Amino acid sequence: MGVAVLLKQVPDTTAKISVSGSRVDESAITKWSISPYDEYALESAIALKESGADELVAITCGPQRASKCLTEAAAVGADRLIHIVTDADFMDSCTVQSILSSAIERSECDIVLCGKQAADTNSGSTGPGVASLLGYSCVGSVTEVSMDGGKLSATRLGATGLERIEVSGPCLLTFDKGEVELRRPNVRGIMMAKKKPIESIGVEDLGIEIGSPRASLQSHSSPPDKPPGQKFEGAGSIEVVVGKLRDEANVI
Amino acid sequence: MDVVIISEAGNESLHPVTAQLVGASSSIGGKISVICPGGIGSSEAAMIAGVSKVISVEGDCFASYDCMAWCNAILPFIDGDLVMTSSSAIGREISAAIAAKKDFPVVQDITSLNDGISVSRSIFSGKAIEEVGVSLPCALSVRANTFQPAEGGGNAEITTINVSQEVSVAVKEALAKAGERLDVAEANIVISGGRGMGDPSNFSHLYDVAEEIGAAVGASRAAVDTWEEIPHSMQVGQTGKTVTPSLYIAVGISGAIQHLAGMRSSKYILAINKDPEAPIFGVADYGIVATWEESIPALKEHLSAVMSD
C-alpha cells in the first residue's frame with residue numbers, strides 16, 4: 001500500500017507580496033517554502049510509512065523551482081519524487097485536479113495526503129476535488145492519522161468538535177495543524193536527498209486532455225490602504241476609544 | 001441561469017449564511033433553489049425571500065459528516081448552472097467535490113460576485129486580492145458576512161426526498177466537544193489574547209468582556225503553543241483561523257506576521273499592548289499602549305455602559 005503526499009510550493013509566510021501592473025510580482029519573492037498545511041500532511045505521511053506503508057511518493061505540480069519541495073520531502077523520508085512541470089501562472093481547479101489525479105494514478109497510491117488549503121490561494125479545492133476524480137473517500141481537517149490493519153484511523157476537527165474516525169478503502173485526507181511536531185531533516189537525510197532522482201514530467205506527457213480554461217485570472221490588486229491608526233497612551237484612554245468604536249467605527 | 005444553494009447547518013438549524021447566499025445570488029438573477037442536506041433547516045430556508053424551491057434530502061448517511069457520501073446523495077438533485085455554498089470547512093469541501101463530480105470549475109471564498117461571471121477573493125492571507133472570471137456552469141463558495149442577507153417572508157415549496165447512500169467514513173469516538181462558545185471564524189466581534197496575558201487563567205477576563213459584547217475569544221499561536229489550556233480551535237493566524245469580523249480586539253499580542261495573516265482583513269482593529277513598538281500597532285485602527293491588567297477592567301466597564309445606552 002503506497003502513500004502519496006501532494007506538496008505545493010508557495011511564497012514563505014514572511015514574504016512581502018507586491019503587485020505591479022495588475023499581477024503579483026513573483027520576482028520580488030525571495031523565499032519559497034512548502035505550504036504550511038502540506039507540511040503537516042508530509043509529517044503524517046512519514047508516520048504512515050514508519051508504521052508499515054510500502055512507499056512514500058511526494059508529488060508537486062509547478063515551475064522548475066518547485067522541485068525544491070520534493071528534495072525537502074526526500075530529506076525526511078520520501079522514497080519517490082514526481083514533479084509535474086508547468087509554467088502556467090494560473091490554472092483553474094479542473095486543470096490542477098486532473099493533473100494531480102493523473103500523477104496519483106501513475107504513483108499507484110491508494111492513500112493520498114495533502115494540506116487542507118494552500119497558503120497562497122487559500123482555496124481548499126484540491127483535496128476534495130482530486131478525491132472525487134479518483135473515486136476515493138475524503139476526510140478533511142485531519143490532525144493525526146494511524147494505520148490499523150487495513151483501516152486508517154484519523155483524528156479530525158469536525159463541526160461538533162474533535163473526533164476519531166475510521167475510513168476504509170482508497171482515501172484522501174486533508175490536514176490541519178494539530179499537536180504533531182514537524183521533524184527536521186538530519187545531515188545524512190539532506191545529503192541522500194540531493195542525489196535522489198526526480199521524475200520530471202510535462203503536462204503533455206500525462207496523456208490527459210486539458211480543455212480550454214474555464215476560470216481565468218483577470219487581475220491582482222493590493223488590499224485597500226487603511227488610514228493610519230490612532231494611538232493612545234495608557235488605560236485612561238479606554239473611555240475615549242470605546243466612544244470612537246461606537247461613533248466613528250459604528251461597530252458596537 | 002439557475003442557482004442551486006447547498007445550505008449550511010449550524011446547531012441543528014439553518015445557519016444565517018444561507019440567507020446571505022440567496023442575497024449574493026439574487027444580484028445576478030435566475031431561479032434559486034436550496035438543497036438542505038439531512039433536511040436541517042428546510043422550513044427556515046423556505047421562508048427566505050427569493051427562494052423558489054427547497055429540496056430536503058434526508059437519509060441515514062447524514063447522521064455524521066462524510067464528504068463523498070453527502071455529495072453523492074445530493075448530486076442527483078443539483079439541477080442548475082451555478083452551485084453555491086458557504087466557505088466554511090464543510091462548505092468548501094462540498095463545493096469542490098460537487099464541482100469535480102460535475103466537471104465544473106470551482107472558486108472558493110469569494111467576497112464579491114458580479115454578472116459575467118466575475119468574482120473577487122483574498123489571496124496570500126489577505127496580502128492581495130485577485131479577480132477571476134469564471135464561465136458557467138461553475139461552483140462558488142462565499143465568505144460569510146460579506147453579502148447582505150435576503151429578507152424573510154418567502155413561502156417556497158419544500159420537497160422531501162429520502163435517499164440511501166453508502167458511507168465510508170465512520171465516527172468512532174468524540175474526543176473533545178467544540179465549545180458551546182461562539183467560534184472566532186463566525187463572530188462579528190473577536191477579542192484575542194496573546195502570550196502577554198501572562199497565564200492561561202487570565203483569559204477569563206477576556207471572556208468577561210466577550211460576554212458583554214457578544215464576542216468570540218481567540219488566541220495567538222504563541223498562546224496556543226505555550227499553554228495547553230488554550231485549544232488550537234481558538235488560534236487566529238496562518239495555521240489557525242482566518243477571521244474578518246467588524247471589530248478585532250488584540251490584547252497582549254505582539255503581532256507576528258503569521259498572526260496578522262489571519263486577522264488583517266478585519267474591518268476595525270483595536271490593539272492593546274504594553275510595548276509601544278509592537279508590530280500589531282502597525283495594522284491597528286486604534287492602539288492603546290497599556291497593560292491588559294489596567295485596560296481590561298476599564299474596557300469592560302465602558303463597553304458595558306455603551307451597550308446599555
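Computed from a predicted model, the values in this text were never measured in an experiment. We name chains A, B, ... by the order of the sequence lines, and we start the count at 1 in each one.
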Heavy-atom donor-acceptor pair, B:Lys127 side chain to A:Ala15 backbone, under 3.5 Å = yes
Under 3.5 Å, side chain of A:Arg214 to main-chain N/O of B:Asp103, donor-acceptor pair present?
-> yes
Can you tell which part of B:Val167 gets under 4.5 Å to a heavy atom of chain A, answering side chain, backbone, both or neither?
-> neither
Part of B:Ile189 lying under 4.5 Å from any heavy atom of chain A = side chain
Under 4.5 Å heavy-atom distance to chain A, tell me which part of B:Gln235 shows up: side chain, backbone, both or neither.
-> side chain
Relative to chain B, which segment of A:Ala118 carries a heavy atom at a distance below 4.5 Å: side chain, backbone, both, or neither?
-> neither
Residue among A:Gly234, A:Ala154, A:Ser222 with most heavy-atom pairs under 4.5 Å to chain B = A:Gly234
Identify which part of B:Ala99 has an atom lying under 4.5 Å from any heavy atom of chain A, answering side chain, backbone, both or neither.
-> neither
Identify which part of A:Val251 has an atom lying under 4.5 Å from any heavy atom of chain B, answering side chain, backbone, both or neither.
-> both
Side chain from CB out, backbone as N, CA, C, O: work out which of these in A:Arg23 comes under 4.5 Å of a heavy atom of chain B, or both, or neither.
-> neither
Tell me, side chain or backbone of A:Asp176 under 4.5 Å from chain B's heavy atoms, or both, or neither?
-> side chain
Which atom names give the shortest non-hydrogen contact between A:Glu166 and B:Lys172, and what distance separates them?
-> OE1-CE, 3.2 Å
Contact part of B:Lys274 toward chain A, heavy-atom cut-off under 4.5 Å: side chain, backbone, both or neither?
-> neither
Can you say whether B:Leu270 sits under 4.5 Å from chain A via the side chain, the backbone, both, or neither, judging by heavy atoms?
-> side chain
Roughly how far, to the nearest 0.5 Å, is CD1 of A:Ile252 from CD1 of B:Ile249?
-> 8.0 Å
Residues of residues 119-126 of chain A with any heavy atom under 4.5 Å of a heavy atom in chain B | A:Ala119, A:Asp120, A:Thr121, A:Asn122, A:Ser123, A:Gly124, A:Ser125
Okay, B:Ser87 and chain A: the region with an atom under 4.5 Å from a heavy atom over there is neither
Considering only heavy atoms and a distance below 4.5 Å, find which of A:Pro213, A:Ser137, A:Gly211 pairs most often with chain B.
-> A:Ser137
Closest contact, heavy atoms only, A:Pro223 versus B:Ile129 | CA-CD1, 3.8 Å
Stepwise side-chain contact (heavy atoms from CB on, under 4.5 Å) test for B:Val171 and A:Arg156 = CA-CA 10 Å; B:Val171 176; A:Arg156 76 168 175 195; 3.8 Å; yes
Smallest separation among heavy atoms of A:Ser141 and B:Glu93, with atom names | N-OE2, 4.3 Å
Which answer fits A:Pro11, side chain, backbone, both or neither, if we ask what part of it has an atom under 4.5 Å from a heavy atom of chain B?
-> side chain
Count the heavy-atom pairs under 4.5 Å between each of B:Ala89, B:Ser118, B:Ala97, B:Gly133 and chain A, then report the option with the highest count.
-> B:Gly133
Looking only at A:Gly236, A:Gly229, A:Ser98, A:Ser101, the option with the highest number of non-hydrogen pairs under 4.5 Å against chain B is A:Gly229
Rounded to the nearest 0.5 Å, the CD atom of A:Glu239 sits from the NE2 atom of B:His302 at a distance of 4.5 Å
Report the distance from atom OG of B:Ser135 to atom CG of A:Asp92, rounding to the nearest 0.5 Å.
-> 8.0 Å
So, the part of B:Phe281 with a heavy atom under 4.5 Å from chain A: the answer is side chain
Output for pair (A:Glu163 CD, B:Tyr65 OH), nearest 0.5 Å, gives 11.5 Å
For B:Met68 against A:Ala131, the heavy-atom pair lying closest together = CE-CB, 3.6 Å
Which one of B:Ser295, B:Pro231, B:Ser168, B:Ala298 has the most heavy-atom pairs closer than 4.5 Å to chain A?
-> B:Ser168
Could you tell me which portion of B:Ala170 (side chain, backbone, both or neither) has an atom closer than 4.5 angstrom to a non-hydrogen atom of chain A?
-> both
Euclidean distance, B:Ile288 CD1 relative to A:Ile238 CD1, rounded to 0.5 Å = 4.0 Å
Output the residues of residues 26-41 of chain A for which the shortest heavy-atom distance to chain B is under 4.5 Å, in residue-number order; output 'none' if no such residue exists.
-> A:Pro36, A:Tyr37, A:Tyr40
Is it the backbone or the side chain of B:Ile90 that comes under 4.5 Å from a heavy atom of chain A, or both, or neither?
-> side chain
Applying a strict 4.5 Å limit to non-hydrogen atoms, the region of A:Glu233 in contact with chain B is both
Hey, could you give me the CG/CG distance between B:Leu175 and A:Leu157, rounded to the nearest 0.5 Å?
-> 10.0 Å
If every non-hydrogen atom of A:Leu133 is compared with every non-hydrogen atom of B:Ala100, which pair is closest and at what distance?
-> CD2-O, 3.7 Å
Heavy-atom pairs under 4.5 Å with chain A are the metric here; pick the option from B:Asp109, B:Leu136, B:Val306, B:Ile98 that has the most.
-> B:Val306
One option among B:Ala290, B:Ala256, B:Gly287 has the most heavy-atom pairs under 4.5 Å with chain A, and it is B:Gly287
Residue A:Tyr136 versus chain B: region with a heavy atom under 4.5 Å | backbone
A:Gln117 versus chain B, the contacting section by heavy-atom distance below 4.5 Å = side chain
Is the NZ atom of B:Lys102 crowded by more than 12 outside heavy atoms at less than 6.0 Å?
-> yes
What are the two closest heavy atoms between A:Lys231 and B:Val289, and how far apart are they?
-> CE-CG2, 3.8 Å
Top residue by heavy-atom pair count (under 4.5 Å) with chain B, among A:Ser219, A:Ala235, A:Gly129, A:Cys171?
-> A:Ser219
Determine the sole option in A:Val242, A:Val240, A:Val241 for which the side chain to side chain contact (heavy atoms under 4.5 Å, CB included) test with B:Tyr286 is passed.
-> A:Val241
Heavy-atom pairs under 4.5 Å with chain B, option from A:Val24, A:Thr174, A:Val10 with the top count = A:Val24
